[in-house]
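Report on the following structure.
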Amino acid sequence: MPKKNQTTVTEFILLGLSSDPQMQIFLFLFFLFIYLITLGGNIVIMVVIRADSHLHTPMYFFLFHLSFVDICYSSVTVPHMLMNFLAEHKTISVNGCIAQMFLFILLVGAEIFILSAMAYDRYAAICDPLHYVQTMRKGICVQLVSGAWTMGFFDALLNTVFTSKLHFCGPNQISHFSCELPPLLQLSCSDTLTNQVVLLISAVVFGLSSFLLTLISYIHIISTILRIHSAEGRRKAFSTCSSHLIVVGLLYVTGFLQYTKPRSVSSVVLDEMFSIQYSILTPMLNPIVYSLKNKEVKTALRSIFGKFRFLN
């Protein structure tokens with residue numbers, strides 16, 4: 001059918017997690033609590049790293065930026081989702097939806113490459129400690145973080161440029177709480193083969209390259225740790241990267257399950273569960289993991305809160 005005879009969609013309806021009013025109030029309170037924990041936890045991590053001179057090291061430089069990304073990452077989807085829980089008309093404009101998708105891809109890309117930079121930092125610290133200060137000097141750290149943001153930007157730009165060329169003529173209901181690319185492609189009246197190919201190639205190039213960088217770093221790290229003779233030495237070496245391993249696992253395992261599961265087991269509920277995990281729960285859990293598993297962060301927290309108690 002020619003496009004001129006089709007009605008152009010100007011907004012989408014986000015169906016969200018539930019249509020039951022009472023359940024929506026519960027979900028609003030539940031996700032508001034998670035969002036506040038996410039903001040509070042990540043802001044505390046950033047403040048502690050800035051305030052404590054002992055944490056002015058490459059590892060905590062990356063953690064500072066990871067917390068900043070997590071705040072932005074969560075803020076792209078959660079506030080609009082909270083608003084929709086209370087709104088009668090749960091709509092978002094087409095341009096707004098594409099903008100949300102762009103920011104989502106940008107921040108996911110930045111996050112996974114910052115995690116790769118953190119893995120490389122642990123590799124340099126454990127496998128080549130004598131040259132660590134030179135290897136991870138400030139200029140290199142800044143370049144790695146800048147590279148993470150650049151890679152995320154190009155990944156987002158590539159997919160957004162092709163998405164912006166799509167024509168939407170109905171239906172306009174998205175069975176999701178946010179605008180992600182796969183559901184958008186399903187609603188397009190245009191041929192989406194090119195978009196699907198671009199999505200696949202970008203996921204492989206950006207996602208796989210980040211994963212391989214992290215994997216190779218940890219292969220060397222584990223190999224080095226196993227060669228340490230004392231059990232105490234192995235424990236100390238492993239403890240320096242245990243928090244990072246947990247955070248990487250939370251993100252990659254969920255992403256892997258989401259994008260490799262067969263179509264036969266795909267469902268709206270399953271897709272939403274995976275999305276909640278990597279876009280809402282992971283940004284909340286990251287600062288908690290680093291606070292509980294990292295002695296230096298716990299010491300800095302006790303020191304700062306101890307000063308507040310003294311002032312009171």
Side-chain angles (χ1 to χ4, degrees), residues 45 49 55-70 73 107-155 202-257 259-260 278 282-283 285-287 289-290 292-297:
I45 289 288
I49 291 173
L55 302 182
H56 294 176
T57 64
M59 181 173 72
Y60 295 106
F61 174 80
F62 294 129
L63 179 56
F64 179 92
H65 286 275
L66 181 67
S67 292
F68 175 73
V69 170
D70 281 337
Y73 187 21
L107 293 163
V108 169
E111 173 132 341
I112 62 174
F113 280 103
I114 287 175
L115 288 173
S116 296
M118 295 174 79
Y120 178 71
D121 171 73
R122 292 300 82 206
Y123 158 77
I126 293 172
C127 301
D128 192 17
L130 296 178
H131 299 96
Y132 176 73
V133 174
Q134 178 63 21
T135 302
M136 299 305 297
R137 58 190 184 275
K138 185 175 181 179
I140 296 296
C141 294
V142 171
Q143 289 177 14
L144 288 171
V145 170
S146 300
W149 281 100
T150 302
M151 295 293 277
F153 174 78
F154 279 115
D155 185 13
S202 64
V204 170
V205 171
F206 293 101
L208 189 60
S209 61
S210 171
F211 176 75
L212 287 176
L213 287 171
T214 304
L215 180 63
I216 291 170
S217 295
Y218 271 103
I219 288 174
H220 287 286
I221 288 169
I222 293 171
S223 176
T224 300
I225 291 175
L226 291 176
R227 290 199 298 269
I228 298 174
H229 296 296
S230 68
E232 181 65 16
R234 288 194 297 270
R235 188 193 65 79
K236 287 184 177 180
F238 183 75
S239 67
T240 64
C241 53
S242 60
S243 300
H244 181 258
L245 269 175
I246 294 171
V247 169
V248 168
L250 286 172
L251 186 64
Y252 277 108
V253 169
T254 309
F256 177 80
L257 292 173
Y259 289 99
T260 60
Y278 61 70
T282 296
L285 293 173
N286 286 354
V289 169
Y290 274 99
L292 295 177
K293 298 287 292 181
N294 194 295
K295 289 183 179 180
E296 291 177 310
V297 172

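Every value quoted in this text rests on a predicted model; they were computed, and no experiment measured them. Quick note: numbers below take in every heavy atom, side chains included, and nothing from hydrogens, waters or symmetry partners.
- The local environment of CZ in Phe154 is sparse, with at most 12 non-hydrogen atoms from other residues, nucleotides or ligands closer than 6.0 Å.
- Taking CD1 of Ile216 as the start and CZ of Phe211 as the end, the distance is 10.0 Å to the nearest 0.5 Å.
- What you find for His220 and Cys127 is that their closest heavy atoms are O-SG, 3.5 Å.
- Residues forming a ring pair (Phe, Tyr, Trp, His ring centres under 6.0 Å) with Tyr218 (at least two apart in sequence, or on another chain): His244.
- Note that CG of Asp155 and CD1 of Ile112 are 7.5 Å apart. Values are rounded to the nearest 0.5 Å.
- Here the side chains of Phe62 and Leu115 are not in contact, with every heavy-atom distance at 4.5 Å or above.
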> Given the rule in the ring-ring contact (aromatic ring centres under 6.0 Å, His included) test, do His56 and Tyr60 qualify, once you have shown the distances and angles that lead to the verdict?
Replying inline: CA-CA 6 Å; His56 294 176; Tyr60 295 106; 9.6 Å; no
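- Under the 3.5 Å distance criterion, the side-chain polar atoms of Arg137 are matched with a main-chain donor or acceptor of Gln134.
- Inter-residue side-chain proximity for Met118 and Val248 is flagged as unmet; no heavy-atom pair is nearer than 4.5 Å.
- Using modelled atom types and a 3.5 Å distance limit, the side chains of Tyr123 and Asp128 yield no donor-acceptor pair.
- Leu215 CG to Ile221 CD1: the interatomic distance, rounded to the nearest 0.5 Å, is 10.5 Å.
- In this structure, Ser217 contributes its side chain and Leu213 its backbone to a donor-acceptor pair below 3.5 Å.
- If you take CD on Gln143 and OG1 on Thr150, they are separated by 11.0 Å, rounding to the nearest 0.5 Å.
- To the nearest 0.5 Å, atoms CD1 (Ile225) and CD1 (Ile126) are separated by 4.5 Å.
- When all heavy atoms are compared, the tightest approach of Met136 to Leu144 is CE-CD1, 4.0 Å.
- Side-chain contact check for Leu55 versus Phe64: every heavy-atom pair is 4.5 Å or farther apart.
- For Arg234 against Leu226, the heavy-atom pair with the smallest separation is CD-CA, 4.4 Å.
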>> I'd like to know whether Ser209 forms a side chain to side chain contact (heavy atoms under 4.5 Å, CB included) with Phe113, so could you lay out the CA-CA distance, the side-chain angles of the two residues, the decisive distance to 0.1 Å, and finally the verdict.
In response: CA-CA 9 Å; Ser209 61; Phe113 280 103; 3.6 Å; yes
> Please walk me through it: do Phe238 and Leu245 pass side chain to side chain contact (heavy atoms under 4.5 Å, CB included)?
Replying inline: CA-CA 10 Å; Phe238 183 75; Leu245 269 175; 3.7 Å; yes
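- Tyr73 pairs by the ring pair (Phe, Tyr, Trp, His ring centres under 6.0 Å) definition with Phe104, not counting sequence neighbours.
- Closest approach of Leu208 and Val204 over heavy atoms only: CB-O, 2.7 Å.
- Remark: Leu63 CG to Ile49 CD1 distance equals 4.0 Å, nearest 0.5 Å.
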